[in-house]
Engineer: 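The structure follows.
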Number of protein chains: 2
Amino acid sequence: MVPTYKSDGVPKATIARMGMYLRCLTYLEQQGTVTISSRELADMTGVTGEQVRRDLSSFGRFGKRGSGYDAKRLKTEIETIFGRGAERWTCCIVGVGSLGTALLASRTIQKWGFKYVAAFDTDPDKVGTRVEHVPVYPLSDLKTIVRREGIAIGAITTPGPSARGIARMLWEAGIRGILNFSPQSIKAPEKIPVLSVDLSQEFLKLSFYIQSAEQRAREEQAEIIAASHAD
Amino acid sequence: MVPTYKSDGVPKATIARMGMYLRCLTYLEQQGTVTISSRELADMTGVTGEQVRRDLSSFGRFGKRGSGYDAKRLKTEIETIFGRGAERWTCCIVGVGSLGTALLASRTIQKWGFKYVAAFDTDPDKVGTRVEHVPVYPLSDLKTIVRREGIAIGAITTPGPSARGIARMLWEAGIRGILNFSPQSIKAPEKIPVLSVDLSQEFLKLSFYIQSAEQRAREEQAEIIAASHAD
DNA sequence: CCATGTGAAAACTTTCACAGCG
DNA sequence: CGCTGTGAAAGTTTTCACATGG
């Protein structure tokens, strides 16, 4: 299973949708929207209104009957659910390759309140430099720095089979959660949530969906032809 | 809903797991493994043996009772399911930023049979160069080139709100499927599968899971303390 | 004897339908 | 009157349990 973490209580799919609602609300706030209905939020995200209401109601009663949800209030509530309150999540990147650099450069990630405080690599040419203003340290300093800075999230962006060892270093240093972007599944102690995202798997899945869609289209076409002959 | 595409028949989760099985089998082949049981595959991926068997059986009967699955054969079968047969999937990247470059550089994606044939950007400094041996064309040439080369998959790696317009250009040029890495949901005609991956959402989800895990740990601790006082 | 493949049961998720309240 | 919040129904996925066959 790609996400090693078991959501326990709130379904995984609900969490994913909550993130989408938050993304929509951020957009709506810029647009100056004051009130939003479950239906509108549903149309923006491609789910049903009932689902939006059910998802939200598993965290509280945020709406007003008759009018909908206060956009500003709902955004704040969801931000709180995701822990974007007093705390700013500190992060580090392990593996300053092209994917690591992409994460360091992502403005969207920073907008959600995540702050990169360190990056790690074994390449002596990279160590000592700064990438997107974030200092790159040698991998051998990982434990010391993660522990000293109290870094919350570690993102693994190494290509190779080193991922498992790095995960171990991270949780031994007291990391609170791991994002694994390597094509390698990771086992960590129960207490440490691990979320794995394998970009190459997305290409694979898409190629399956393309084939199904095209096969379905061919079958529909065949049906139409059969029907036109059956007069 | 992030994945706009409806899997219709085979559940989405099954497809995701099939990809993981393929990844494991590739590894096992290198290790020289000849036969594998559903249980072993399950342990490697963190699912149950029943689930592996159920997943596989929705595509065919690949196993031998008493012994398990022939690793080589099963790998080939799953490759075929994912369309890795005669055809090599041609891809293009729209937006040669850091994420676009990361995808172009990914050896894992190429190992699954995906081949980049073009990249597009609006930046005149990038246009005309090659990134990872792939030529960068102006965005204005997108339709012509996608159509001429018959490109199958378009990956959108632009940061901004341009994603929707690019998606439209892609499907008007006859693309067969879209991978959307922008933090923007995309609507395409039914026939064109779209898979959206928003990396910033993964950070968000992880922060939720970290909080749940830590809260659960605190509650367990409280229970232990309560129990020790209840003697 | 061992592990697959699969009906049937259990668990979970989504949708329906509507009571309840601003 | 309109939209939320939620029991109950419908639908889907996972797990259980075991018949089946190499």
Side-chain angles (χ1 to χ4, degrees), chain A residues 1-21 24-25 28 33-75 77-78 81, chain B residues 1-21 24-25 28 33-75 77-78 81:
Chain A
M1 190 173 65
V2 172
T4 306
Y5 183 76
K6 216 180 155 196
S7 57
D8 203 293
V10 185
K12 232 166 44 183
T14 298
I15 299 306
R17 286 192 299 263
M18 292 298 285
M20 296 200 302
Y21 305 150
C24 292
L25 289 163
L28 289 166
T33 308
V34 175
T35 301
I36 183 131
S37 70
S38 60
R39 174 50 104 85
E40 289 171 290
L41 220 37
D43 289 344
M44 289 181 75
T45 50
V47 302
T48 63
E50 294 86 333
Q51 194 148 58
V52 172
R53 297 202 296 279
R54 183 77 71 182
D55 287 341
L56 295 178
S57 77
S58 65
F59 294 101
R61 271 175 242 190
F62 307 129
K64 290 201 198 333
R65 294 175 196 232
S67 59
Y69 301 87
D70 177 275
K72 187 111 187 151
R73 153 106 193 277
L74 188 56
K75 177 164 174 272
E77 293 286 2
I78 301 180
I81 290 162
Chain B
M1 190 174 61
V2 171
T4 307
Y5 182 76
K6 215 181 157 193
S7 57
D8 202 292
V10 185
K12 233 166 44 185
T14 299
I15 299 306
R17 285 192 298 264
M18 292 297 284
M20 296 200 302
Y21 304 150
C24 292
L25 288 163
L28 289 165
T33 309
V34 175
T35 301
I36 183 131
S37 70
S38 59
R39 174 50 104 86
E40 289 170 292
L41 219 37
D43 288 344
M44 289 181 75
T45 50
V47 302
T48 64
E50 295 86 332
Q51 194 148 60
V52 172
R53 296 202 297 278
R54 184 75 72 182
D55 287 340
L56 296 177
S57 75
S58 64
F59 294 100
R61 271 176 241 188
F62 307 129
K64 290 201 197 333
R65 294 174 196 233
S67 60
Y69 301 87
D70 178 273
K72 186 110 188 154
R73 153 105 193 279
L74 188 55
K75 178 165 173 272
E77 294 286 2
I78 302 181
I81 290 163

Engineer: Output all residues satisfying side chain to side chain donor-acceptor pair (under 3.5 Å) with Glu77(A), sequence neighbours left out; order by chain, then residue number.
Structural biologist: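 By the side chain to side chain donor-acceptor pair (under 3.5 Å) rule, Glu77(A) matches Arg73(A).
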Engineer: With heavy atoms under 4.0 Å as the rule, sort Thr14(A) into base, sugar-phosphate or nothing.
Structural biologist: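 No contact at all - Thr14(A) keeps every heavy atom at 4.0 Å or more from the nucleic acid.
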Engineer: Lys72(A): what forms a side chain to side chain donor-acceptor pair (under 3.5 Å) with it, not counting sequence neighbours?
Structural biologist: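 Listed in chain order: Glu29(A).
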Engineer: Please collect all salt bridge (Lys or Arg N to Asp or Glu O under 4.0 Å) contacts where either partner lies in residues 57-71 of chain A, sequence neighbours excluded, each pair once.
Structural biologist: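 Sorted result for residues 57-71 of chain A: empty, none.
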Engineer: Base, backbone or nothing for each nucleotide of nucleotides 4-13 of chain D, written B, S, -, heavy atoms under 4.0 angstrom, 5' to 3'?
Structural biologist: BBBBB----S
Engineer: How would you list, by chain and number, every residue that makes a side chain to side chain donor-acceptor pair (under 3.5 Å) with Tyr69(A), sequence neighbours excluded?
Structural biologist: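 For Tyr69(A), no residue satisfies side chain to side chain donor-acceptor pair (under 3.5 Å) once neighbours in sequence are set aside.
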Engineer: To the nearest Å, give me how far apart CZ (Phe59(B)) and P (dT4(C)) are.
Structural biologist: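 Going from CZ in Phe59(B) over to P in dT4(C) covers 18 Å.
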Engineer: Go through the structure and list residues passing side chain to side chain donor-acceptor pair (under 3.5 Å) with Arg54(B), not counting sequence neighbours.
Structural biologist: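 Once residues adjacent in sequence are excluded, Arg54(B) has no partner under the side chain to side chain donor-acceptor pair (under 3.5 Å) criterion.
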